[in-house]
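Only one structure is covered here, and it is reproduced in the block below.
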Amino acid sequence: MTRTEWSRGLASIPRAPPLIGMKLVTSNKTVYIAVSSDILHKGHLNVINKGAELGEVTIGLLTDEAVATYKRLPILDWDTRKAVLESLANVTRVVPQNSLSYAENLRELKPDYVVHGDDWRSGVQSMARDEVLAVLSEHGGELIEVPYAGEVSGSELDHTLRPMLNTTELRRGKLRRLLSLKPFVRAIEASNGLSALIVENVSVPDPAGKGVREYDAMWVSSLCDSSFKGKPDIELVDWSSRMDTIDEIMEVSTKPIIVDGDTGGRIEHFKYTVRTLERAGVSAVIIEDKTGLKQNSLFGTDAKQVLDDPHEFAEKINAGKQAQVTRDFMVIARLESLIAGQGVDDAMERAKIYIAAGADGIMIHSKEKDGSEIREFMRRFREYTKDVPVILVPTTYNHIPEEELSEMGANIIIHANHLLRSAYPAMLHTAEKILESGRSKEVDDEIMSIKDVLRLIPE
Ligand code: SPV
Ligand code: MG
């Protein structure tokens, strides 16, 4: 939908009765209407106006936490959404609805009617509908369904408006907001504009039947950023180039960005890097406590992994924290003790020092396959503190499901390199097959059509 089409939709919204400062109550019946959306459109107003014809309207406004369980965070927070709804003449009160399920509020309020658009009879909301019917029957309430307005779709509006409202401030603050609202934040590598578009838009039906499952955030990996540029992961790709990648990603997406800051370089330089990333709208930088020529952690002790002096590294973390301007930006300390073979005791000791220096979170990295080190660290760390977010990168111990990592106390789970690793073999295979065949016809069935490529990115 274009902006013009959208504003035309607004112009056709039926006007509310001319009552100022007074609510229109036509009977002593009570009506319950659940709303989650940020943006009120004709469909909502039709439902609310129908509700007002039947009785006194209570809106059950889904809390930010409730929305976060089944779709993207609302653009506006609960208090703002509440204020907008309360100002409607046909709305008597707005109460929180704490989950996708209406049951708790319906049992408490026992409304005579629930009003909803008839578009929820199929699809992800049909289970909620079945439950509403069952709970209403407990006290003899009735479900009234209003024909769906059709021409306006909340998800299309969201799709159109979200990029326009994606200011640097809003984007930067999204990671902290997600951390406070979701059991865990799911991130995946994005290394260029195209992969960022995939991470931004891909979704699958939630296996538990609650809306859709999406990625929450993007990881700008040093390994993948370097590899896509044909360079080794040794802090060779400089910050101007890394910023270009970040900018490319930002331009086509709205999700919060976590940047892999390698070692952070010299303390004097790291302060500037923090400011640059923060100004660009990045939400967090993670730096690792290694020194000397950086080697990728997944080499483990096959490469020379030199750990930094913990107090020197703490100073770097602290310098980054002092340099940031906003409250939202996060500086996260990455522990390389397990990668360097120094064990959980060393990791715990360092974690405490980095937290005291101001680290907003701890990333613990491990390349052990069975995940036992990670389990032990998480158990000990969560005994020490419940408050500091922990980031896990389950590349080698990827048999452990996200839910289980979350139960162990992980707050952010990063799938750090999987788009690069799927793209490279696919490209190599195609290149080899064309060489072998002496023409490209043989790969036609394995690759995207030109027609699809042309449609992939709308103008
Ligand atoms: C990266 O993705 O660049 C990381 C994670 O730093 S790892 O490659 O596992 O060290
Ligand atoms: Mg890295």
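For clarity, every value in this text was computed on a predicted model and none was experimentally measured. Note that these values count all heavy atoms, side chains included, but never hydrogens, waters or copies made by symmetry. Each ligand, and each atom within it, is numbered from 1 in the order the structure gives.
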Of all the non-hydrogen atoms in the protein, which one sits nearest to atom 7 (S) of ligand 1, and at what distance?
His365 NE2, 3.5 Å
Mutual orientation of the aromatic rings belonging to His418 and His415 [parallel < 30°, tilted 30-60°, perpendicular > 60°]
perpendicular
Does ligand 1 have a heavy atom under 4.0 Å from the side chain of Glu189, from its backbone, from both, or from neither?
neither
Option from Glu407, Glu368, Glu404 for which salt bridge (charged side-chain N to carboxylate O under 4.0 Å, His left out) with Arg375 holds
Glu404
Of all the non-hydrogen atoms in the protein, which one sits nearest to atom 2 (O) of ligand 1, and at what distance?
Ser221 OG, 2.7 Å
Do the charged groups of Lys71 and Asp158 touch, with an N to O distance under 4.0 Å?
no
Side chain or backbone, does Val393 bring an N or O within less than 3.5 Å of an N or O on ligand 1?
no
Under 3.5 Å between some N or O of ligand 1 and some N or O of Trp219?
yes
With a cut-off of 6.0 Å (strictly less than), are more than 12 heavy atoms of other residues, nucleotides or ligands near CD1 of Ile450?
no
Heavy-atom distances under 4.0 Å decide this one: backbone, side chain, both or neither, for Asp260 against ligand 1?
side chain
Would you say Glu288 and ligand 1 have an N/O pair spaced under 3.5 Å apart?
no
Identify, by atom number and element, the atoms of ligand 1 in contact range of Leu298, meaning under 4.0 Å from any of its heavy atoms.
8 (O), 9 (O)
Going by heavy atoms in the side chains, are Arg279 and Thr168 under 4.5 Å from each other?
no
For Glu442, is the CD atom crowded, meaning more than 12 foreign heavy atoms sit under 6.0 Å from it?
yes
With a 4.5 Å heavy-atom cut-off, do Phe299 and Asp233 have their side chains touching?
no
Of all N/O/S atoms in Asp260, which lies nearest to the Mg ion (ligand 2)?
OD2
Any N/O/S atom from Asp262 (main chain or side chain) under 2.8 Å of the Mg ion (ligand 2)?
no
Neighbour count above 12 (heavy atom, 6.0 Å) for Lys229 NZ:
yes
May I ask you to identify the nearest protein heavy atom to atom 8 (O) of ligand 1, giving residue, atom name and distance to one decimal place in Å?
Asn296 ND2, 3.0 Å
Counting backbone and side-chain atoms alike, is an N, O or S atom of Ser221 positioned under 2.8 Å from the Mg ion (ligand 2)?
no
Atom CD of Glu383: over 12 foreign heavy atoms under 6.0 Å:
yes
Using a 4.0 Å heavy-atom cut-off, which part of Asp262 comes near ligand 1: side chain, backbone, both, or neither?
neither
Start with the C-alpha gap between Ser195 and Glu189, add the side-chain angles, then the distance that decides, and say whether side-chain hydrogen bond (donor to acceptor under 3.5 Å, both in side chains) holds.
CA-CA 8 Å; Ser195 54; Glu189 162 233 337; 5.0 Å; no
So is Arg334 in contact with ligand 1, going by heavy-atom distances below 4.0 Å?
yes
Below 4.0 angstrom from a heavy atom of Ser297, which ligand 1 atoms are there? Numbered from 1 as shown, please.
10 (O)
